[in-house]
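Convention: sequence-line order gives letters A, B, ...; per-chain numbering from 1.
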Amino acid sequence: MQYQFNEIENKWRKYWAENKTFAAEDNSVKPKYYVLDMFPYPSGAGLHVGHPLGYIASDVFARFKRLQGFNVLHPMGYDSFGLPAEQYAIQTGQHPAITTKTNIEGGTDKDGNVIPGYRNQLDKIGFSFDWDREVRTSDPNYYKWTQWIFKQIFNSWYNKETDRAEVIDTLIEKFETEGNVNVKAVTDCDMTFTAEQWNGWNEEEQRKVLMSYRLTFLSDTWVNWCPALGTVLANDEIKDGVSERGGHPVEQKLMRQWSMRITAYAERLLKDLDTVDWTDSIKDIQRNWIGKSEGASVEFKVESSKFKVEVFTTRPDTIYGVSFMVLAPEHELVNQITTAEQKDKIEAYKKAASLKSERDRQSDIKNITGEFTGAYAIHPFSGDKVPVWIGDYVLASYGTGAVMAVPCGDQRDWDFANHFNIEIKNIFKDKDISEAAYAEKDAVITNSDFLNDLPVKKATKLAIYEIERSRLGKGKTQYRLRDAVFSRQRYWGEPFPVYYKGDTPYLLDTDEVVELPAIDKYLPTEDGEPPLARAKKEDWNIACPGDRMEYNTMPGWAGSSWYFLRYMDSKNINEFVDVEKVKYWQNVDLYIGGAEHATGHLLYSRFWTKFLYDMGYIPFEEPFQKMINQGMIQGNSAYIAEVHFSIAFWREGHDLEKFYDENPLTTMYVASEYIESDFVDMEKECHKLMVEKFGEELMKDVELTYASTLRKAVPIDSVSGNKLNIEKYIKWSNAGSSVFLKNKNGDFTVEREVEKMSKSKYNVQTPDELVDKYGADTLRCYEMFLGPLEQHKPWDTQGITGVNGFLKKLWRLFHDDNGLNVSDETPTKEELKSLHKTIKKVKEDIERFAFNTPVSTYMICVNELTALKCNKKDILQDLLIILSPYAPHIAEELWAKLGNKESITYAVFPKHNDAYLVESNHKYPVSFNGKMRFMLELPTNMKKEDVEAAVMANEQTLKYLAGQTPKKVIVVPNKIVNFVV
RNA sequence: GCUCGGAUGGUGGAAUUGGUAGACACGCAAGACUUAAAAUCUUGUGUCCAUUAGGACGUGCGGGUUCAAGUCCCGCUCCGAGUACCA
């Protein structure tokens, strides 16, 4: 009786769905375990084999935890707001909601292409998701709560005294009673006011001030504007100076935008990385991104004016080395301090800088540019005049947008000074700075008045002390992290629950969701407003009490920043999540997904989680306790060389002419071995092959001339190993009239290349094909077997037969021609040993998240049982349980056949029994007086005293002891047994 | 430039705390069954020497620690990832 995986898998898939086998219980007495995958964006292209890799691993773990008696939450959903659906809408006019639905549920798109549907593809692989909890970020019932969270953030400020976010009312109360003098907040409000002043202001004025305290705020800010996408982008959405999606250029633009004050959480985001179990590499990326640096801010007065330039420096110890200052071209003081005679030059420079894209600025690093403003600043300690320049190596968005330049200690300052012939002061004792700056921190300071003869560390401390004492500035910690731009000028995203009266934004006073209104076109308006400006007031489901609604939408990361909470209570219409449920489920125990979200999603969801914690809505501060980042599965493309010839005929009127018209015989495909060979050889070989194919008579007057060689990708399903299946390829490419030059062994070899999966390279492998051919269980085992989960690896189907063979073997072991064939006999010791070895190893490996090795362990076990011809029921029962996380369908089928009424999901993971493992030995190296003499094998489960006795009784030991009693015996299992004689 | 990973047979990889390197699988070779193919099964398979017995070498390179190093330490080479005027 054969292993009919299709039948089995369909049957159990249906059973699991109908019986809701994987439903998580909300108020269980069992311990909880939360296993989560990063939810996918449902694109029209569907899944390829790389997508399910992480899902299979998490599914294995979820099933394993269920077997261990945990109440497992293992949900799935869709991050369904996003660009591709919107781009498609712009092209076709189809509403993104329809595209999204088709991509998830399957169907056909507007061009008639068949869309498989994410859900259908996922279902085929046999995941144990609790689908009743599915979320879609573009569902109004979901984004209602995204909007709600936005409102909470809007109504909050960050209190530095309590080091947490608080509701804005506590701030207003302080303003009303004592003004802002004693308020310690994260804010960009730089004025102080009294309670009288506050109370005297009208609502609009008060709101303006409050805006600079809110955790999400509207402000004019320098943003990354992407003209091609027609929207602003956050820093993490830009890679190498171009947009991550589409690779379009990005420029700096001053725009009125919503931002999230994530910088308020910089320190906590940094510190709490120590509390989560993530890879060092991800933690490192986040640490770098947050970019903490400590130093001081110092004010420099501008000569004969009321203006002051504030700078941030990490090296206050080098303050006597300052010989000039540089402002960012966008710095607000530039216009005010520039002298009349420099005005034109400065204006020209500013204009040139503003036209440069981010990318140009980066690629221009070596070009040193700048312009003198004509103004001088006064050195706060020495009183010297220092020229003030502008230069685009200083960023407007970091620190204060201005630097004190210390050319002897900073290479960029040195280059700038060198280029413009500005003085370079040396303040480092015995260091040569004639060729380059000295940036090491091991120097001793000199020529620096009160800092003379101090090493860097002490000088820094003293300098900060003096700066603070003289009220020139203060010690300061600066973060590279910027506040996150929260507006997007797009349609397909969450609308803001915000309206405007004049220029002042207000939250909509409603508990209803603000739904995306229907619009006629998904493009910006003619006067450059976002697409939502096309909606009339009455198109919105909420009546606008002011002049207009907010036209921006929220960025992609809004919905994904809290989705893990919604799974706990996805249908709740009264709250974003029920308090009791979140108390029970807590944070995600195991999170699996790609490492590419390190500075985006993973940072933002930590931020929102901390905020919700501060507000008392959830009882934990970190969303994802343990995380594993699965590697990318690359495509394994195959290339062949297509050689072109021109054909000449000797004789006129020859039949060949007609023949040639019908069969343009100008191409030959050559096996990869021939690619390097001479084209003269190719001509000969091709001719020979044509003679073989068409006969000598026809070919005798034909001359071939080599023209060119083309490298051509061939579909991977016509290749096995390195060999091309020529018939398959001919069928696919209609190359029937071409000839194929094989190598000496008679094979046609291809060139292989590992690269990203893409349609144009014909190297995409969908999981569906493999499920149809080998079954879901085989696919699951094989994807795990491929190698360590975290590692990038090329896809290669060669090995899949081995994994498939193991499942067949298992099936055969317990079946004969008549069906199930199991014996009720008591298992032998050997059989039990094989089983218990497997239980132990599989359990240990899954527990340390090694998902590849258990597959090998199963194979060894089945091989051993086959050799023992073991078909004992008792062995099979346990084997099925431990196999079920990896190959749930076959396990469930056999489990039922053995007469079990309940799904194997509710079985208990067996405990291994050491008694069956005694024969497995430990090696004890035995040494005398510190020198190793021999290895002794003893059973693993021996007690320390027994080991000692066994070693003492050993023949070789006795020889070495020669009647003496050892003074000291040191026994450490698997470590050396040391005898001091 | 800075930060973090990685390098093991023909291939993917295993070796968990320093303890028989190469598990398991692919591929390859030989054999069995078959008219044949597929499927299945058996055997072999790191390199070199040797008919065998057996021996020598072997985890990117060079050193070190240790009775014992793929694993720990120092110095390099190459590959991958992140980041980049962050003052």
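- Nucleotides B:C78 and B:A87 place their P atoms 30 Å apart, quoted to the nearest Å.
- A donor-acceptor contact shorter than 3.5 Å links the side chain of A:His792 to the backbone of A:Met632.
- Between the side chain of A:Lys793 and the main chain of A:Ile633, no donor-acceptor pair closer than 3.5 Å is present.
- Here, B:G9 and B:C28 have their C1' atoms 13 Å apart, quoted to the whole Å.
- B:G22: no Watson-Crick or G-U partner with both key distances under 3.5 Å is found in any strand.
- Where A:Gln2 and A:Arg315 each meet RNA chain B at their nearest nucleotide, the meeting point lying more 5' is that of A:Gln2.
- Here B:G9 sits opposite no nucleotide as a Watson-Crick or G-U wobble pair (both hydrogen-bonding atom distances under 3.5 Å).
- Nucleotide B:G10 carries an anti base; the chi torsion (O4'-C1'-N9-C4 or O4'-C1'-N1-C2) is more than 90° from 0.
- Look at CG on A:Leu603: it is 17 Å from P on B:G82, rounded to the nearest Å.
- Proximity of residues 284-300 of chain A to RNA chain B (heavy atom under 4.0 angstrom from any strand atom) is restricted to A:Asp284, A:Ile285, A:Ser293.
- Between the CG atom of A:Asn804 and the C1' atom of B:C26 there is a distance of 14 Å, given to the nearest Å.
- Figure legend. B:A36 is base-paired to no nucleotide; pairs are counted as Watson-Crick or G-U wobble with both atom distances under 3.5 Å.
- Ring orientation note: the planes of A:Tyr858 and A:Phe806 are close to parallel, at an angle under 30° on the 30°/60° scale.
- Nucleotide B:U59 is matched to nothing when pairs are restricted to Watson-Crick or G-U wobble geometry with both distances under 3.5 angstrom.
- Judged by distance alone, the side chain of A:Asn224 and the main-chain N or O of A:Leu233 form a donor-acceptor pair under 3.5 Å.
- Taking atom C1' in both B:A56 and B:A39, the straight-line distance is 43 Å, to the nearest Å.
- Checked by atom type and distance alone, the side chain of A:Thr318 pairs as donor or acceptor with a backbone atom of A:Arg315 at under 3.5 Å.
- The phosphate of B:A25 (OP1 or OP2) has a side-chain N or O of A:Asn863 nearer than 4.0 angstrom.
- What separates CZ of A:Arg482 from C1' of B:A87 is a distance of 12 Å, to the nearest Å.
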Item to check | Heavy-atom protein contacts under 4.0 Å, nucleotides 10-16 of chain B, coded B base, S sugar-phosphate only, - none | outcome: --BSSSB
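- Going from the C1' atom of B:U8 to that of B:U71 covers 12 Å, rounded to whole Å.
- Rounded to the nearest Å, the gap between the C1' atom of B:A69 and that of B:C2 is 31 Å.
- Ring geometry, A:Trp795 versus A:Tyr782: the interplanar angle exceeds 60°, so the pair is classed perpendicular (tilted spans 30 to 60°).
- Taking atom CG on A:Leu481 and atom C1' on B:U83, their separation rounds to 15 Å, with Å as the unit.
- Here B:U40 presents its C1' atom at 13 Å from CG of A:Asp817, a figure rounded to the nearest Å.
- Between the side chain of A:Glu371 and the backbone N or O of A:Ile390, no donor-acceptor pair lies under 3.5 Å.
- Using atom C1' as the reference point in both B:G60 and B:C79, the two lie 11 Å apart (nearest Å).
- With a 3.5 Å ceiling on both atom-pair distances, B:A84 lacks any Watson-Crick or G-U wobble partner.
- With a 3.5 Å ceiling on both atom-pair distances, the Watson-Crick or G-U wobble partner of B:A29 is B:U43.
- Between the CG atom of A:Leu273 and the C1' atom of B:C4 there is a distance of 14 Å, rounded to whole Å.
- The interatomic distance linking A:Arg480 (CZ) with B:C2 (C1') rounds to 12 Å, in whole Å.
- Each of A:Asp284, A:Thr279, A:Asp280 was evaluated against A:Ile282; a single residue qualifies, A:Thr279, per the side chain to side chain contact (heavy atoms under 4.5 Å, CB included) test.
- For the pair A:Lys809 NZ and B:A39 C1', the interatomic distance rounds to 14 Å; values are reported in whole Å.
- Regarding contacts with the backbone of B:A87, a side-chain N or O of A:Tyr398 is found under 4.0 angstrom from either OP1 or OP2.
- Figure legend. B:U52 is base-paired to no nucleotide; pairs are counted as Watson-Crick or G-U wobble with both atom distances under 3.5 Å.
- Atom C1' of B:A14 sits at a distance of 5 Å from the matching atom of B:A23, rounded to the whole Å.
- Relative to the six-membered ring of A:Trp278, A:Arg606 meets both conditions, a distance below 6.0 Å and an angle of at most 45° to the axis.
- A:His379 is linked by a side-chain hydrogen bond (donor to acceptor under 3.5 Å, both in side chains) to A:Ser382, counting only residues two or more places apart in sequence or in another chain.
- In this entry B:C72 has B:G64 as its Watson-Crick or G-U wobble partner, both defining distances falling under 3.5 Å.
- For A:Gln798, the listed nucleotide lying nearest its side chain is B:C26; candidates were B:C26, B:A23, B:A25.
- At least one donor-acceptor pair closer than 3.5 Å links the side chain of A:Thr400 to the backbone N or O of A:Glu310.
- Spacing between B:G44 and B:U52 at atom P, rounded to whole Å, works out to 16 Å.
- The side-chain tip of A:Lys626 points at the ring of A:Phe849 from less than 6.0 angstrom away and within 45° of straight on.
- Here the nucleotide nearest the side chain of A:Met859, chosen from B:C24, B:A87, B:C26, is B:C24.
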